[in-house]
2 protein chains.
Amino acid sequence: MADPTAPAPRRRPTILDVAAAAGVSKGLVSKVLSGSAGPSAATTKRVLAVAERLGYRKDRNATLLAKKRTRLIGVTIQPSNVYQGELAEEIQSTVDAAGYETVLGAMTATHDERRAIETLIDFRCEALLLLGPTMPEAELAALVEDVPTVCVGRPLNLPGVDVVRADDQQGISDVVDHLVALGHRRIAHVDGGPGPISAVRREAYQAAVLRHGLEAVVLPGGLTERHGAEALRHLDSGAGVTAVVAFNDRTALGLIEALESGGLRVPADMSVTGFDDSLMARHPRMALTTVSQLTLEQARLAVQAATDRLDGVHQERREILLPTRLIVRGSTGLSPR
Amino acid sequence: MADPTAPAPRRRPTILDVAAAAGVSKGLVSKVLSGSAGPSAATTKRVLAVAERLGYRKDRNATLLAKKRTRLIGVTIQPSNVYQGELAEEIQSTVDAAGYETVLGAMTATHDERRAIETLIDFRCEALLLLGPTMPEAELAALVEDVPTVCVGRPLNLPGVDVVRADDQQGISDVVDHLVALGHRRIAHVDGGPGPISAVRREAYQAAVLRHGLEAVVLPGGLTERHGAEALRHLDSGAGVTAVVAFNDRTALGLIEALESGGLRVPADMSVTGFDDSLMARHPRMALTTVSQLTLEQARLAVQAATDRLDGVHQERREILLPTRLIVRGSTGLSPR
DNA sequence: GTGAAAGCGCTAACAA
DNA sequence: TTGTTAGCGCTTTCAC
């Protein structure tokens with residue numbers, strides 16, 4: 001019951017179709033389409049017109065297979081993470097400008113970091129940008145052994161892997177100085193849980209309070225509002241704490257929520273600080289004192305590090321620390337005692 | 001000055017290397033690696049072991065080129081958009097479970113929607129999931145003419161394109177009903193700017209106030225806090241407005257910020273509502289009355305629509321509207337008059 | 001300036 | 001069960 005008037009199941013045109021329609025060889029078409037010098041102006045024009053008319057598009061898989069270099073840079077990302085999203089967007093633009101292309105490898109519940117990285121390698125990416133990788137270092141080392149890799153946003157000490165991240169230590173140190181200047185003498189820290197960034201901030205906190213001759217009080221925490229709220233339970237053991245340095249903005253906001261629902265005022269009874277300078281921190285109702293990172297700059301430098309390696313500019317391992325900036329808002333005030 | 005002890009620039013092993021090392025043909029290796037029934041248990045074991053030892057990974061480009069079907073589903077995404085990130089994450093999981101794979105096409109400043117879609121098509125994606133596409137409809141129609149496409153999160157009336165989105169009309173209608181029940185008789189709307197979703201919500205607002213015999217007051221706005229704040233300028237022409245239905249949470253929060261910095265109290269002097277039920281809306285300091293969408297359900301249904309088409313389950317165009325839920329919080333209260 | 005032909009690394013149909 | 005072979009659609013020498 002075939003309908004003779006129905007259009008043939010339109011096979012997507014190949015380079016051969018274009019070549020035939022333009023009356024040239026496929027080799028010439030390839031040269032025209034990749035913009036290499038050689039083809040005459042007349043041929044170029046004709047081929048381009050035919051390709052356009054046929055709605056021709058190169059098959060990317062075939063192209064990449066045939067090419068010696070792919071000029072592909074793979075980026076792992078957790079799509080639901082706002083910071084990584086912003087990073088990825090800037091990375092994409094920078095990579096574009098550098099004459100490379102990006103491939104995103106999403107990490108989700110069913111698709112862990114290892115799989116994401118493997119997929120990117122399978123695409124024959126020439127370099128990898130890992131946004132806040134969480135894999136065990138040894139595994140990661142084995143996985144990216146043969147491909148230039150840049151780790152963004154967390155410390156990582158692997159031979160061939162460049163690192164670009166914010167100077168968290170400086171950021172936390174500034175926060176503590178700020179609180180001390182306000183007269184606080186008992187300053188606690190809500191931890192970010194396991195993970196290398198938490199460790200950096202925790203240690204920075206400990207070093208900073210020690211420097212001021214104060215005692216370190218570390219409360220178990222995590223990355224989200226819930227963890228911040230729960231940290232309060234550990235706080236109320238009457239230790240006389242008047243200020244809390246939270247791991248990040250979300251943790252801080254969760255803590256504030258819990259404090260206020262318990263009848264305490266911020267900052268009158270308790271000062272609280274965050275980290276990230278997120279959108280929420282900026283709203284006057286929140287007015288969170290926090291630390292701002294140069295996110296876009298991180299993206300640019302990470303791409304730079306990768307392309308520099310690919311272009312043979314540098315060989316040795318690089319670790320780039322970007323400055324942070326303390327943003328003082330209304331969640332911190334003079335110590336009540 | 002070549003160092004004779006330096007390892008040869010390790011060429012990545014191909015299927016031929018594995019075949020040679022295992023003493024079988026590359027065809028057999030291919031079968032083993034793709035898990036097809038045929039190879040004996042002994043061969044399978046041996047080949048797998050060799051592949052493992054050599055650190056062999058299939059070249060994805062070669063694989064995809066050789067295969068008849070790619071089982072690839074392309075997803076366009078604005079990485080910095082939180083909702084799209086959440087959607088993408090759930091989409092990836094669902095696609096995974098359906099035996100397909102996703103490819104993300106990021107849209108950025110240098111890489112617009114057209115390019116993102118073209119790239120996905122170039123990968124030979126079998127279907128496309130467009131998250132909140134913004135291209136002109138006619139262009140979009142021509143672009144996705146030959147590939148099954150699902151539009152997520154905005155209305156779109158194109159012959160072959162399925163649509164999955166929240167029932168914004170219902171959501172806005174509920175909001176207006178809620179305000180009217182609180183005694184408000186003069187309710188304004190801060191618009192979301194150009195774009196199809198704004199149109200839907202604006203019209204829903206107009207229909208809803210009309211239904212209550214009230215006058216429609218539409219203020220120019222946009223998607224972010226800034227637009228919400230600016231809307232205030234248009235509001236203060238003493239029109240006696242006591243409640244504002246903002247396009248989304250961000251617009252609403254910007255408006256609240258501006259109102260309060262002008263000395264007005266929310267909701268005592270003015271009730272304000274948002275849309276999205278974002279993280280910020282939930283914080284007690286914000287306590288924004290808003291509308292919640294079933295984001296994850298949208299992701300699942302969108303994937304379902306795509307795979308159903310690919311599996312030949314349905315042919316006709318589908319438009320799926322998901323219910324919304326009014327979340328009443330502290331930003332709305334009794335009308336002051 | 002243009003064409004011919006040899007791959008790129010894999011799959012899949014067919015033979016053995 | 002295993003091997004052989006012809007592509008997949010493109011790039012890239014190397015002649016002409």
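Reckoned from all heavy atoms, side chains included, excluding hydrogens, waters and symmetry mates. Since the model is a prediction, treat every value here as computed from it, not as a measurement. Lettering of chains follows the sequences in order, A, B, ..., and the numbering in each one begins at 1.
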With sequence neighbours excluded, tell me which residues meet side-chain contact (heavy atoms from CB on, under 4.5 Å) with A:Gln78.
-> A:Asn81, A:Gln84, A:Met107
Could you list the residues that satisfy ring-ring contact (aromatic ring centres under 6.0 Å, His included) with B:Tyr83, not counting sequence neighbours?
-> none
Residues that B:Glu118 engages under salt bridge (Lys or Arg N to Asp or Glu O under 4.0 Å), provided they are two or more places apart | A:Arg57, B:Arg114
Contact interval (first through last nucleotide) of DNA chain D with protein chain A, 4.0 Å heavy-atom = D:dG9 to D:dT13
On DNA chain D, check which nucleotide each of A:Thr14 and B:Val24 is closest to and give me the residue with the more 5' one.
-> B:Val24
Between B:Gly23 and B:Arg124, which has a closest nucleotide on DNA chain D that is more 5'?
-> B:Gly23
Among all residues two or more places apart in sequence or in another chain, which pass the salt bridge (Lys or Arg N to Asp or Glu O under 4.0 Å) test with A:Arg53?
-> none
Partner of B:Glu126 under salt bridge (Lys or Arg N to Asp or Glu O under 4.0 Å), chosen from B:Arg69, B:Arg71, B:Lys68, B:Lys67 | B:Arg69
Partners meeting salt bridge (Lys or Arg N to Asp or Glu O under 4.0 Å) with A:Glu297 (sequence neighbours left out) = A:Arg300
Its 5'-most and 3'-most nucleotides having an atom under 4.0 Å from a non-hydrogen atom of chain B, DNA chain C is contacted over C:dG9 to C:dA13
For residues 29-55 of chain B, which residues have at least one heavy atom under 4.0 Å from DNA chain C?
-> B:Ser30, B:Lys31
Any pair with a residue in residues 121-152 of chain B that passes ring pair (Phe, Tyr, Trp, His ring centres under 6.0 Å), sequence neighbours left out, goes on the list, sorted by first then second residue, please.
-> A:Phe123-B:Phe123
Does A:Tyr100 have any ring-ring contact (aromatic ring centres under 6.0 Å, His included) partners at least two apart in sequence or in another chain, and if so, which?
-> none
For the student: nearest non-hydrogen atoms of B:Ala302 and B:Val152, plus distance = CB-CG2, 3.6 Å
Rounded (10°) bend between the five-pair end axes of the helix from C:dG1-D:dC16 to C:dA16-D:dT1 = 40°
Contact residues, residues 62-73 of chain B to DNA chain D [heavy atom, < 4.0 Å] | B:Leu65, B:Ala66
